[in-house]
Every structure is written in structure tokens, then in C-alpha cells.
Amino acid sequence: MTTSIKTRFAPSPTGHLHIGGARTALFNWLFARRCGGRFVLRIEDTDVDRNLAGAEDKIREDLDWLGLTPDESPWTGGPDGPYRQSERLDIYTQYARRLLDAGAAYYAFDTPEELAAMRERARAEKRSFKYARPTALPSEQEAARARAEGRPVVIRMKAPDRDVTVPDVILGDVTIRAEELEDFVIVKANGYPTYHFAVVVDDELMHISHVIRAQEHLMNTPKHMALQDALGFRRPVYAHVPIVMNLDGTKMSKRDKHKAVRTRVQEWLKSGKWTRADLAGAAGIDEAAAARWLDRADVEMDGEQLARVAAALDVTPPEIEVYDFRRAGYLPETVLNFIALVGWSPGEDREKMTLDEMVSLFSIERIGRTSARFDREKLLAFNTDACAAATPARLMDAFRDYARLSRSPMAGLDDATLSRALEACRGLRTFHDVDVKVGVLFAPDDAVKYEPDAVRKVLARHEGRGYAMLEALLPALETFQPWTAESTDTSIKSFCESRGAKLADAAQPLRVALTGRTISPAIGETLALIGREAALRRVRRCLAMRTRAAGN
RNA sequence: GUCCCCAUCGUCUAGAGGCCUAGGACACCGGGUUUUCAACCCGGCGACCGGGGUUCGAAUCCCCGUGGGGACGCCA
């Protein structure tokens with residue numbers, strides 16, 4: 001049992017799953033599957049302030065969508081639970097006691113302000129700060145007294161006094177010199193364990209054999225090893241994977257979304273296009289909260305609020321979290337395939353893979369050492385290919401999920417119509433494309449927004465040539481029989497022929513009349529999808545609008 | 001600033017001393033197809049960060065430099 005393979009993914013419940021986190025989860029999941037081992041999901045909720053209500057459900061939802069289901073987790077249970085750190089507090093206390101008794105850890109009473117001042121002084125003197133271990137360690141009595149006096153009491157772990165070498169399967173041996181190591185807090189003043197402490201205890205108790213995590217944790221590992229040694233724990237195999245970056249080389253962060261929206265808000269405020277009240281209104285929050293968000297880079301509004309503001313501003317914030325990609329209309333299998341390739345490669349120029357194929361191809365040794373940039377263009381291309389390759393049933397299923405989330409007018413379509421619409425969208429890149437291309441056909445007439453550019457170019461130009469065409473076409477349209485894609489297509493073509501016009505001369509004005517834009521499936525297909533009644537109605541409506549505009 | 005990691009086309013990467021005139025994918029450029037958007041087809045451009053070694057031979061090994069990234073929290 002002790003020799004069996006077990007990996008874990010341990011997010012903190014702060015919101016939807018970050019794409020980088022998803023990749024870490026995927027690697028852990030793949031490795032466990034590959035080895036016939038188990039995959040554990042543990043919730044690291046030891047920061048009372050940062051925990052967000054509902055975040056755990058979001059993570060679960062994202063993982064489910066991707067298909068990375070855990071074998072053990074807070075919601076599936078398992079032999080080594082509980083899987084929420086906040087429910088394991090007594091366990092940590094027990095081990096902290098052991099460290100204290102062994103003299104491996106000690107009480108400390110510094111206030112956050114004092115610590116900040118020490119760090120500040122060190123910076124002013126241009127030396128690096130290192131916590132100075134007191135020569136005489138505080139006793140239990142002194143700790144009790146400090147507590148009684150209202151001072152914060154934490155427990156610090158003694159850093160090892162010799163060099164530590166981290167054995168890493170990706171990076172090789174990494175040695176950190178003893179003087180770089182510092183005594184670190186393992187139990188906070190509020191009694192909660194810190195990440196370092198909880199991780200080590202849980203990985204041991206949960207029999208984790210391989211720790212696959214982001215490279216930003218590399219320098220934490222000596223701390224974890226010190227804890228393992230002091231507690232007599234096993235040493236899991238470590239694999240630190242390179243960090244996922246933005247195309248510009250900065251770290252991919254949730255804040256990027258806020259930054260993008262914030263920038264646009266600022267532009268609009270400056271140009272007088274918007275007021276702070278508009279912002280608050282769009283977000284659905286009060287003005288004070290809106291102002292705080294606007295002025296401080298570290299303040300975030302929730303995902304839904306941000307999405308509303310972004311929509312009002314007509315900007316698309318970068319997709320960062322798994323849920324962003326889902327809502328943007330990507331297939332989960334594409335996301336999985338693509339993120340697997342960010343930092344890992346099976347070799348032999350292999351790129352397109354199903355999850356099952358990845359399982360059989362995966363190995364930690366083939367994970368790279370270089371930080372990799374996340375290229376959305378390539379993801380888009382992957383998704384395009386995946387949609388083209390997907391079976392109609394799969395596509396329909398995935399689209400329904402998208403339509404529900406994005407409140408598409410296509411959400412309620414019956415199977416036959418939806419499959420027809422999807423077929424008409426062959427070549428789609430994301431489901432958002434489908435929504436753009438055929439969504440309006442299923443929306444109420446008044447949802448049609450006539451784009452000024454389209455109207456000018458296709459209808460109004462050359463003394464209203466497009467409108468004239470519509471007027472001529474309307475009576476013919478009324479006689480089209482039967483109303484199918486093939487038949488209406490033929491009818492329009494012969495209509496054009498009889499007038500010595502090109503197909504585009506009729507198709508484009510019709511497209512604009514029906515959708516308000518120049519984007520839609522082939523014209524016959526468009527007519528079939530929208531239906532006879534709606535088609536005639538929208539053409540008449542479009543012509544009536546022109547008359548009204550001319551009257552002004 | 002200190003410590004750590006990394007370094008092949010613009011991007012993700014293949015490459016584990018001769019198979020490399022460095023391969024693939026995306027992007028890009030040119031052309032084709034086309035009633036719009038997209039898709040699709042054909043062709044093209046394009047990289048071993050620099051300098052020293054080691055070796056008969058280096059993208060591959062070593063050293064230095066440079067560049068990028070990460071960590072330095074009672075965050076995880």
C-alpha cells in the first residue's frame with residue numbers, strides 16, 4: 001500500500017480553477033492513471049480571509065467539465081479524509097506538539113508590524129532579511145503569558161543547519177545552502193497551520209507518493225523536507241513543472257482580466273463616455289465598491305460582475321480560468337489537449353491526442369524545464385480542428401452546455417434544428433462563432449441590431465441599391481415553395497439570373513435584412529433556419545425602417 | 001538586492017555527440033476556392049542567445065557572460 005502511486009491536486013478555494021492549476025491537475029491525474037494509481041483532491045483552506053464562499057463548488061464544476069475526476073476528495077470521500085484542511089485542525093495541532101516537544105519548533109511572539117519593520121530595516125540597509133532565532137527559546141509559560149497579554153503567538157519551525165538538496169525528477173538535484181534557509185511559521189496566531197505545515201502532514205497521512213506542482217514551489221521544498229525529517233515522514237517524489245505564462249512573458253493571472261477591463265473603464269471615463277455611476281450600474285455594485293475596484297489593482301469583483309462590466313464595455317477580457325474557456329465556447333477536450341502540451345510533449349511530433357491517448361503517452365520525464373507561454377491562437381486552431389473532428393452528437397451535447405451558460409437564444413432548440421444549425425456552421429472555431437453566425441436567427445426580431453457599417457455598405461450605398469433589391473426580391477420571396485435550404489437557394493439563384501445580377505447582389509442585402517450583419521450561413525440555409533414567416537417579417541421590417549429613416 | 005531555475009523559428013516544441021542542409025504545429029506572408037463569416041487547398045519566410053573550452057566531430061557535454069522567469073509572507 002505504501003509503495004502504490006498516489007498524486008494529489010490541492011487548490012485553495014479562491015474561485016474558479018486557473019488554467020495553470022488545471023494543467024497541474026491534469027499532470028497529476030494523468031500520472032496517477034498511467035500508473036494505475038489514485039488521484040486525490042484536497043482543499044487547502046487554511047487562509048480564513050482568502051477563502052471564498054462557493055469556490056469549492058466552482059473548482060469541482062471546472063474539474064468535472066474537464067473530466068479530471070478525483071478518486072478521493074471532499075465530495076467523493078476516501079480512506080484518508082477529511083480532505084478539507086479546515087477539518088483537520090486537530091491533526092496539525094498534534095504534530096505541532098510533537099515538533100515543539102522535540103525542540104524542532106518554537107513559539108514566537110512578533111507582531112506583523114514588528115516583522116514588517118524588521119524587513120523594512122533590512123531592505124534599507126540593503127541586506128536580505130532573515131528571521132533571527134532567539135538564543136533562548138520561549139517556554140510554554142511564556143507563550144501562555146504572551147497570549148494572555150494579547151500578543152500573537154505563532155509556532156516557528158527551525159530551519160535545517162545544513163545544506164539541503166531537493167531531488168527533483170524534472171530539474172535534477174537542486175541544492176540550497178543552509179544560510180539561505182530561515183525559520184518559518186508553521187502555526188499561525190489564529191491556530192491554523194500554514195501551507196507548508198499542512199501540506200507536509202497531509203501528504204504523509206494521505207500517502208501521496210508523487211508531488212507534481214508548479215515551479216514556484218521549488219524554494220518551499222527545503223522547508224517541507226525539514227518538516228518531513230523532523231517528523232520522521234517519508235519523502236515523496238518531487239516534480240516541479242514550469243510555470244504557464246502570458247504571451248508577453250508575464251505570469252498568467254486572474255488579475256489580468258481585471259486589468260483589461262479596468263483599462264477600458266478608465267478610457268471610457270476619460271472620454272466622458274461613462275461615469276462612475278455607469279460602472280457601478282453595469283457591475284451591479286454600489287459606487288463606493290466600484291471606486292475601490294477601479295483604484296486598486298488588488299481589489300477584485302466577482303466573475304459575474306466583471307463579465308457584466310466587460311460586456312457593457314464591449315471588451316473581451318483574456319480567458320484565464322477554465323470557466324472562461326468554457327463560457328467562451330471551447331471544447332473541454334481541446335483545453336485538456338492544449339494545456340497538456342504547454343510544458344509537456346510526448347515526442348515524435350505528436351500533438352492531437354484524446355485523454356486516453358495522453359494517459360498512455362504520459363511520463364514525468366518528458367515534462368520540460370522551460371516556462372511556457374500560453375498561445376490562445378494555437379488553442380483556437382486546436383479547437384477548430386476538434387470541432388471539425390467531433391461527432392454531431394458530441395458537438396450538440398457540448399454546444400448545449402455552452403448555450404445554457406451564455407444564455408444563447410439557441411439554448412432551447414430541439415435536436416433536429418440544433419443539429420441543422422451546427423451543420424450550417426461547419427468550420428466553426430468556437431461555439432461563440434455559432435452564436436454569432438446563427439444565434440440571431442432564433443432570437444426575437446427586436447434583438448436584431450442593424451450594424452451601421454453593414455447597412456451602409458450593403459443596403460444604402462449606390463442610392464440604396466440593396467434596398468431596391470430587397471423590394472424586388474420580397475414578392476418573389478413570398479412565392480418561394482417549398483421553404484427549404486435547397487429550394488430557396490435555387491429560387492434566389494434563378495431570381496438573380498433573370499435580372500442579370502450576381503448571387504451576392506441579392507444574398508448580401510437579404511443577409512443584412514435578416515440578421516443586421518453580413519455574417520450568416522449560406523443564404524438558402526439561412527432562410528431555412530430562420531423560417532418563412534420570420535424571414536418575410538424581417539425583410540418587411542428592414543424596408544420599413546428605411547422608409548422611417550428617409551422620412552427624418 | 002539575495003538565492004534558485006531556465007535558454008532551439010514570433011509562439012508551443014522535436015532533438016538525449018555524428019541520422020541536422022535542425023523536424024512538426026500555430027501564427028505570419030503569397031496564391032487558390034468562395035454569396036458573407038469561418039473553414040479548406042497549395043506554396044513560402046523563419047531558430048540552435050553570445051563567448052570560451054572538451055572532442056576527429058556539439059543544438060546536444062563543461063565554464064563564463066547575457067537574457068528571461070521564480071522565490072524571498074502568520075498567501076497558497
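What you see is a predicted model; the values in this text were computed from it and never measured. The figures here come from the full heavy-atom set of this structure, side chains too, leaving out hydrogens, waters and symmetry mates.
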**Message:** Distance check needed: B:rC12 P versus A:M353 CE, whole Å only.
**Reply:** 17 Å
**Message:** Parallel, tilted or perpendicular: which one describes the rings of A:Y402 and A:F399, with boundaries at 30° and 60°?
**Reply:** tilted
**Request:** Round to the nearest Å and state the distance from A:L171 atom CG to B:rC5 atom P.
**Result:** 7 Å
**Asked** Under the 6.0 Å and 45° cation-pi test, does A:R156 pair with A:F184?
**Response** no
**Prompt:** So what does A:R369 touch, heavy atoms closer than 4.0 Å: a base, only the sugar-phosphate, or nothing?
**Reply:** sugar-phosphate
**Item:** Residue met sooner reading RNA chain B from 5', once A:D385 and A:A372 are mapped to nucleotides
**Value:** A:A372
**Side chain of A:E377 (C-beta onward), nearest among B:rC26, B:rA25, B:rC37** = B:rC26
**Request:** Please state how far atom NZ in A:K378 lies from atom P in B:rC9, giving the value in whole angstrom units.
**Result:** 14 Å
**Prompt:** Within the structure shown, what part of the strands sits under 4.0 Å from A:G343 by heavy-atom distance: base, sugar-phosphate, or nothing?
**Reply:** sugar-phosphate
**Request:** Tell me what A:S345 touches on the nucleic acid: a base, only sugar-phosphate, or nothing, going by heavy atoms under 4.0 Å.
**Result:** sugar-phosphate
**Message:** Within the 3.5 Å criterion, strictly below it, is a donor on A:S520 or A:T515 matched to an acceptor on the partner's side chain?
**Reply:** no
**Request:** Answer with base, sugar-phosphate or nothing: what part of the nucleic acid does A:R429 contact at a heavy-atom distance below 4.0 Å?
**Result:** sugar-phosphate
**Message:** Using a 4.0 Å heavy-atom cut-off, does A:R376 contact any base of the nucleic acid, only the sugar-phosphate backbone, or nothing at all?
**Reply:** nothing
**Prompt:** NA contact type, A:A507, heavy-atom cut-off 4.0 Å: base, sugar-phosphate, or nothing?
**Reply:** base
**Request:** Give every residue pair that meets the salt bridge (charged side-chain N to carboxylate O under 4.0 Å, His left out) criterion with at least one member in residues 511-525 of chain A, sequence neighbours excluded.
**Result:** A:R420-A:E525
**Request:** Name the residue closer to the 5' end of RNA chain B, choosing between A:D375 and A:T370 according to the nucleotide with the nearest heavy atom.
**Result:** A:T370
**Message:** Counting the atoms with a prime plus P, OP1 and OP2 as sugar-phosphate, which does A:A522 contact under 4.0 Å by heavy atoms, base, sugar-phosphate, or nothing?
**Reply:** base
**Request:** Kindly indicate whether the side chain of A:R127 and the base of B:rU2 share any N or O donor-acceptor pair separated by less than 3.5 Å?
**Result:** no
**Message:** For a quick check of understanding: with a heavy-atom distance under 4.0 Å over all strands, which category does A:E351 fall into, base, sugar-phosphate or nothing?
**Reply:** base
**Prompt:** Cationic tip of A:K352 within the cone over A:F382's six-membered ring, i.e. under 6.0 Å and within 45° of the normal?
**Reply:** yes
**Request:** Classify the nucleic acid contact of A:P242 as base, sugar-phosphate or nothing, counting any heavy atom under 4.0 Å across all strands shown.
**Result:** nothing
**Message:** Treating primed atoms plus P, OP1 and OP2 as sugar-phosphate and everything else as base, which nucleotides of nucleotides 67-76 of chain B get B, S or - for protein heavy atoms under 4.0 Å?
**Reply:** --SSS-SBBB
**Message:** Does A:T14 reach a base, just sugar-phosphate, or nothing at all? Heavy atoms under 4.0 Å.
**Reply:** nothing
